[in-house]
**Q** 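Sending over a structure as structure tokens; questions will come in a sec.
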Amino acid sequence: MAEKGNLDFIYEPIKEKMRELISHINYITYIEKLKPVEVDGRFIVFETPTESFAKYITGTLADKMREAIIKADVGLTDFRLKVEGSDGYAFNAPTEEYFTPDNIDKKYTFESFVVGKSNEYVYKAAHSVADDPAGTYNPLFIYGGTGLGKTHLLQAIANKVVNDRPELKVIYVTCEQFVNEIIDTMFTGRGPDARDRSIKLRQHYRSADILIIDDIQFIEHKKAVQEEFFHTFNELVSKGKQVVISSDQPPKNLSTLEERLRTRFAGGLVLDILPPNYETKIAILKRKAFEKKCIVPEEVLIFLAQDSGDDVRTLEGRLTKVIFASKLHEEPISVALARSALSEAVSENGNENINAEAVISAVTSYFHISKKDLIGKSKKKEVTRPRQICCYLMCELLSLPLVSIGKELGGRDHTTILYSRDKVEDMCRVNDKIAKDVDDIKNIILKK
């Protein structure tokens with residue numbers, strides 16, 4: 001609990017902003033009678049004289065009060081109310097709306113990340129940021145090729161902070177999502193509530209304790225979005241808030257990014273995540289086999305690690321194909337089975353020419369839906385399930401990065417593709433009908 005002197009120091013700027021935003025009669029009747037009693041994390045706690053007093057504030061003044069608290073710039077973003085003489089809260093802000101990100105995958109943790117010589121420095125830096133946000137490394141900029149674990153580490157930071165420090169506001173967002181939100185406010189920037197929408201979006205990002213943006217390279221060529229991000233970045237860092245960024249290139253190579261952004265990125269800790277060496281590949285395969293609750297012989301792991309390229313997702317995809325083939329044909333996993341399963345995607349009968357259009361065509365034909373529906377925004381089950389299966393098959397059969405697959409499927413981001421792939425993989429293990437659908441479509445594609 002803050003001392004009285006500290007509360008006055010914090011509350012005076014808030015009162016000034018409330019006086020500007022709240023009508024004179026409401027300010028005199030209600031705000032002046034509020035008594036600040038403590039600071040609880042990111043909340044200032046007020047005591048009110050009666051229950052009805054608290055109900056009126058909750059129903060009528062809460063939004064303006066919250067806006068005033070944020071604009072006061074004292075490190076707080078919301079408030080709670082206590083009725084005098086009561087232990088509980090009469091008004092407790094909905095923490096789920098403001099603090100809990102709903103787009104991070106719980107399986108992406110530091111414990112599930114396989115550490116090797118190629119990524120140990122990045123891993124330690126990310127772990128340090130999660131342990132002590134805005135401590136030593138701010139901003140943290142991680143770059144590297146597709147499928148090397150950048151998203152895993154970024155979401156591991158988010159997961160650890162959410163678990164260890166639930167009072168902090170963590171925002172994890174793909175750059176694509178960030179860009180779309182900014183552009184949406186531009187195109188809907190008319191009407192009586194346009195200014196409010198813009199202010200709320202700005203406050204949402206600038207009230208973060210930790211802002212994590214994945215694939216920042218997509219901000220290139222978008223001047224207005226760069227301008228908004230520049231001011232958001234500056235405000236957060238100046239307030240001692242943590243910023244974590246990933247990219248497929250180092251800051252100096254983002255040539256179409258404004259110089260002032262590149263220099264700010266380079267002013268933090270910039271680390272590259274390198275492709276795994278042979279030993280790390282084996283360790284990754286062992287970890288993935290453990291997660292899939294499957295025993296894979298050592299000689300099969302060695303076979304899968306050979307000539308697997310640098311992409312960790314491709315490595316995992318090879319393992320997934322072998323496990324899938326084992327379950328489908330009810331055969332134990334062996335090198336012979338692995339060789340057969342992997343050769344299906346590149347057979348001798350011209351199937352090396354399989355492309356995204358061939359997979360989409362096979363899926364739409366099988367489920368009797370149009371391509372427009374498949375790549376569109378419909379959330380009907382009869383469309384979303386085929387769309388997820390299409391994602392899965394593209395990941396299985398095509399040597400394309402997730403970002404490219406997302407573009408083929410209506411411009412979806414790579415996290416959506418990753419989610420769909422993993423969901424279908426999980427469903428195939430427990431649902432024979434879906435496993436048969438996937439296998440039938442795969443055979444259609446491979447026999448063309």
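For the single chain, residues carry numbers from 1 onward in sequence order.
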**Q** Give a yes-or-no answer on whether the side chains of D131 and S128 include a donor-acceptor pair shorter than 3.5 Å.
**A**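 Side-chain D/A pair, D131 to S128: absent.
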**Q** Are I57 and L34 packed together at the side-chain level, in the sense that at least one heavy-atom pair is separated by less than 4.5 angstrom?
**A** yes
**Q** Taking the side chain as every heavy atom from C-beta outward, state whether V424 and I389 have any pair of such atoms under 4.5 Å apart.
**A**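 Yes - at least one pair of side-chain heavy atoms lies under 4.5 Å apart.
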**Q** Using the test side-chain contact (heavy atoms from CB on, under 4.5 Å), find all partners of T320 that sit at least two apart in sequence or belong to another chain.
**A** K292, E316, Y392, E396, E425
**Q** Kindly indicate whether the side chain of C390, heavy atoms from C-beta on, has any atom under 4.5 Å from the side chain of I360.
**A**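 When only atoms from C-beta onward are counted, I360 and C390 do touch, with a gap below 4.5 Å.
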**Q** So do the side chains of K442 and L397 get within less than 4.5 Å of each other, counting heavy atoms only?
**A**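 Side-chain contact under 4.5 Å: yes.
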**Q** Looking only at side-chain N and O atoms, does T174 offer a donor or acceptor that is under 3.5 Å from a partner on D214?
**A**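 Not at all, the side chains of D214 and T174 share no donor-acceptor pair under 3.5 Å.
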**Q** Could you pull out all residues at least two apart from F324 that satisfy ring-ring contact (aromatic ring centres under 6.0 Å, His included)?
**A**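 Partners of F324 by the ring-ring contact (aromatic ring centres under 6.0 Å, His included) criterion come out as none, since no residue qualifies.
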**Q** Which distance, rounded to the nearest 0.5 Å, do you find between the CD1 of I70 and the CE of M65?
**A**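 The distance works out to 12.5 Å.
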**Q** Please test Y366 against D437 for side chain to side chain donor-acceptor pair (under 3.5 Å), starting from the C-alpha separation and ending with a verdict.
**A** CA-CA 9 Å; Y366 187 88; D437 287 343; 2.8 Å; yes
**Q** Once you round to the nearest 0.5 Å, how far does CG of D272 lie from CG of D248?
**A**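 Here the rounded value is 13.0 Å.
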**Q** Any chance you could measure S326, atom OG, to K321, atom NZ, to the nearest 0.5 Å?
**A** 16.0 Å
**Q** Look only at the side chain of T263 and the backbone of E259, and say whether a donor-acceptor pair between them is shorter than 3.5 Å.
**A**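 Indeed, once roles are kept as given, a pair shorter than 3.5 Å links the two residues.
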**Q** Please list, chain by chain and in numerical order, all residues satisfying salt bridge (Lys or Arg N to Asp or Glu O under 4.0 Å) with D373, sequence neighbours excluded.
**A**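 D373 satisfies salt bridge (Lys or Arg N to Asp or Glu O under 4.0 Å) with no residue once adjacent residues are dropped.
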**Q** So, using ring-ring contact (aromatic ring centres under 6.0 Å, His included) as the criterion, who are the partners of Y205 when residues are at least two apart?
**A**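 Partners of Y205 by the ring-ring contact (aromatic ring centres under 6.0 Å, His included) criterion, ordered by chain and then number, come out as F178.
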**Q** Tell me the closest heavy-atom pair linking A54 and T48, and the distance in Å.
**A**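 Looking at all heavy atoms of both residues, the closest pair is CB-OG1, 3.8 Å.
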**Q** Do the side chains of R318 and V322 get nearer than 4.5 Å, heavy atoms only?
**A** no
**Q** Write out all pairs satisfying ring pair (Phe, Tyr, Trp, His ring centres under 6.0 Å) with one or both partners inside residues 124-153, taking only residues at least two apart or from two chains.
**A**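 Residue pairs with at least one partner in residues 124-153: Y108-H152, F110-H127, F113-H152, Y123-H127, F141-F265.
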**Q** What heavy-atom pair brings C428 and A435 nearest, and what distance separates the two atoms?
**A**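 Distance-wise, the nearest heavy atoms are O-CB, 3.7 Å.
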**Q** Assess, by modelled atom type and distance only, whether the side chains of S112 and K107 contain a donor and an acceptor separated by less than 3.5 Å.
**A** no
**Q** List the residues meeting side-chain contact (heavy atoms from CB on, under 4.5 Å) with K124, not counting sequence neighbours, and say none if there are none.
**A**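 side-chain contact (heavy atoms from CB on, under 4.5 Å) check on K124 returns E120.
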**Q** Before accepting this row, confirm whether a basic side-chain N of the pair D209/R165 lies closer than 4.0 Å to the acidic partner's carboxylate O.
**A**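 Result for this pair is no, no salt bridge flagged.
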**Q** With a 3.5 Å cut-off and sequence neighbours excluded, list the donor-acceptor pairs that the side chains of residues 12-25 form with protein atoms.
**A**
{"residue": "E16", "atom": "OE1", "partner": "R19", "partner atom": "NH1", "Å": "3.2"}
{"residue": "E16", "atom": "OE2", "partner": "R19", "partner atom": "NH1", "Å": "2.7"}
{"residue": "R19", "atom": "NH2", "partner": "Y27", "partner atom": "OH", "Å": "3.0"}
{"residue": "S23", "atom": "OG", "partner": "N26", "partner atom": "N", "Å": "3.4"}
{"residue": "S23", "atom": "OG", "partner": "N26", "partner atom": "ND2", "Å": "3.3"}

**Q** Answer yes or no: are there more than 12 heavy-atom neighbours, outside K252 itself, under 6.0 Å from its atom NZ?
**A** no
**Q** Which heavy-atom pair separates E47 from V37 by the least distance, and what is that distance?
**A**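 In this case the closest contact between E47 and V37 is CB-CG1, 3.8 Å.
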**Q** Is R66 paired with D63 through a side-chain N to carboxylate O contact shorter than 4.0 Å?
**A**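 Salt bridge flag = yes for R66 with D63.
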**Q** Do E38 and K82 meet the salt-bridge criterion of a basic N to acidic O distance under 4.0 Å?
**A** yes
**Q** With sequence neighbours left out, write down each residue that passes ring-ring contact (aromatic ring centres under 6.0 Å, His included) with Y56, or none if nothing qualifies.
**A** Y30
**Q** Kindly compute the distance separating CZ (R421) from CG (L393), expressed to the nearest 0.5 Å.
**A** 12.5 Å
**Q** If you draw the axis of the six-membered ring of F230, does the NZ or CZ of R264 fall within 45° of it and under 6.0 Å from the ring centre?
**A**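 Judged by the rule (NZ or CZ under 6.0 Å from the ring centre, within 45° of its axis), R264 is not positioned above F230.
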**Q** Indicate yes or no for a side-chain donor-acceptor contact from Q242 to the backbone of P133 under 3.5 Å, with no hydrogens or angles considered.
**A** no
**Q** Nearest 0.5 Å please: distance from the CG atom of L154 over to the CD1 atom of I104.
**A** 11.0 Å
**Q** R387 and S378: side chain to side chain contact (heavy atoms under 4.5 Å, CB included), yes or no, with the steps?
**A** CA-CA 10 Å; R387 186 183 297 140; S378 173; 4.3 Å; yes
**Q** Please confirm whether the backbone N or O of Q177 pairs with a side-chain atom of D413, one donor and one acceptor, at under 3.5 Å?
**A**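 Side chain of D413 to backbone of Q177, a donor-acceptor pair under 3.5 Å: no, none is there.
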**Q** Quiz question: by atom type and distance under 3.5 Å, do the side chains of H231 and E227 form a donor-acceptor pair?
**A** yes
**Q** So, using side-chain contact (heavy atoms from CB on, under 4.5 Å) as the criterion, who are the partners of S238 when residues are at least two apart?
**A**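 Once residues adjacent in sequence are excluded, S238 has no partner under the side-chain contact (heavy atoms from CB on, under 4.5 Å) criterion.
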**Q** Identify the two heavy atoms, one from V243 and one from N138, that lie closest to each other, and give their separation to 0.1 Å.
**A** N-OD1, 2.9 Å
**Q** Taking all atoms of both residues into account, what is the closest heavy-atom pair of K377 and R412, and its distance?
**A**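 Taking K377 first and R412 second, the nearest heavy atoms are CA-NH2, 4.0 Å.
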**Q** By ring-ring contact (aromatic ring centres under 6.0 Å, His included), which residues pair with F367, not counting sequence neighbours?
**A**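 ring-ring contact (aromatic ring centres under 6.0 Å, His included) list for F367, sorted by chain: empty.
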**Q** Run the numbers on L211 and R206 for side chain to side chain contact (heavy atoms under 4.5 Å, CB included), then give the verdict.
**A** CA-CA 9 Å; L211 176 61; R206 297 187 189 184; over 6 Å; no
**Q** Not counting sequence neighbours, which residues clear side chain to side chain donor-acceptor pair (under 3.5 Å) with R287? List them please.
**A**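 Residues passing side chain to side chain donor-acceptor pair (under 3.5 Å) with R287: E291.
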**Q** Could you check whether any side-chain N or O of Q226 sits under 3.5 Å from a backbone N or O of I219, counting only pairs where one atom can act as donor and the other as acceptor?
**A** yes
**Q** Can you find a pair of side-chain heavy atoms, one from P275 and one from L148, that are under 4.5 Å apart?
**A**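 Sidechains of L148 and P275: in contact.
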**Q** Any non-hydrogen side-chain atom of I171 less than 4.5 Å from a side-chain atom of I210?
**A** no
**Q** So does A358 get a backbone contact from the side chain of N355, meaning a donor-acceptor N/O pair under 3.5 Å?
**A** yes
**Q** Please walk me through it: do I157 and I212 pass side chain to side chain contact (heavy atoms under 4.5 Å, CB included)?
**A** CA-CA 9 Å; I157 293 172; I212 304 172; 4.0 Å; yes
**Q** Please report the C-alpha distance between V363 and L374 in whole Å, then the side-chain angles of each, then the deciding distance to 0.1 Å, and finally whether the side chain to side chain contact (heavy atoms under 4.5 Å, CB included) criterion is met.
**A** CA-CA 9 Å; V363 172; L374 185 79; 4.2 Å; yes
**Q** Below 4.5 Å, heavy atoms only, C-beta onward: do V270 and P251 meet side chain to side chain?
**A**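 Side-chain contact under 4.5 Å: yes.
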**Q** State which residues pass side-chain contact (heavy atoms from CB on, under 4.5 Å) with T280; sequence neighbours excluded, sorted by chain then number.
**A** V114, P276, N277, I284
**Q** Can you see which heavy atom on P49 is nearest to which on V83, and at what distance?
**A**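 Taking P49 first and V83 second, the nearest heavy atoms are O-CG1, 4.2 Å.
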**Q** If you measure from OG on S118 to NZ on K281, what distance do you get to the nearest 0.5 Å?
**A** 10.0 Å
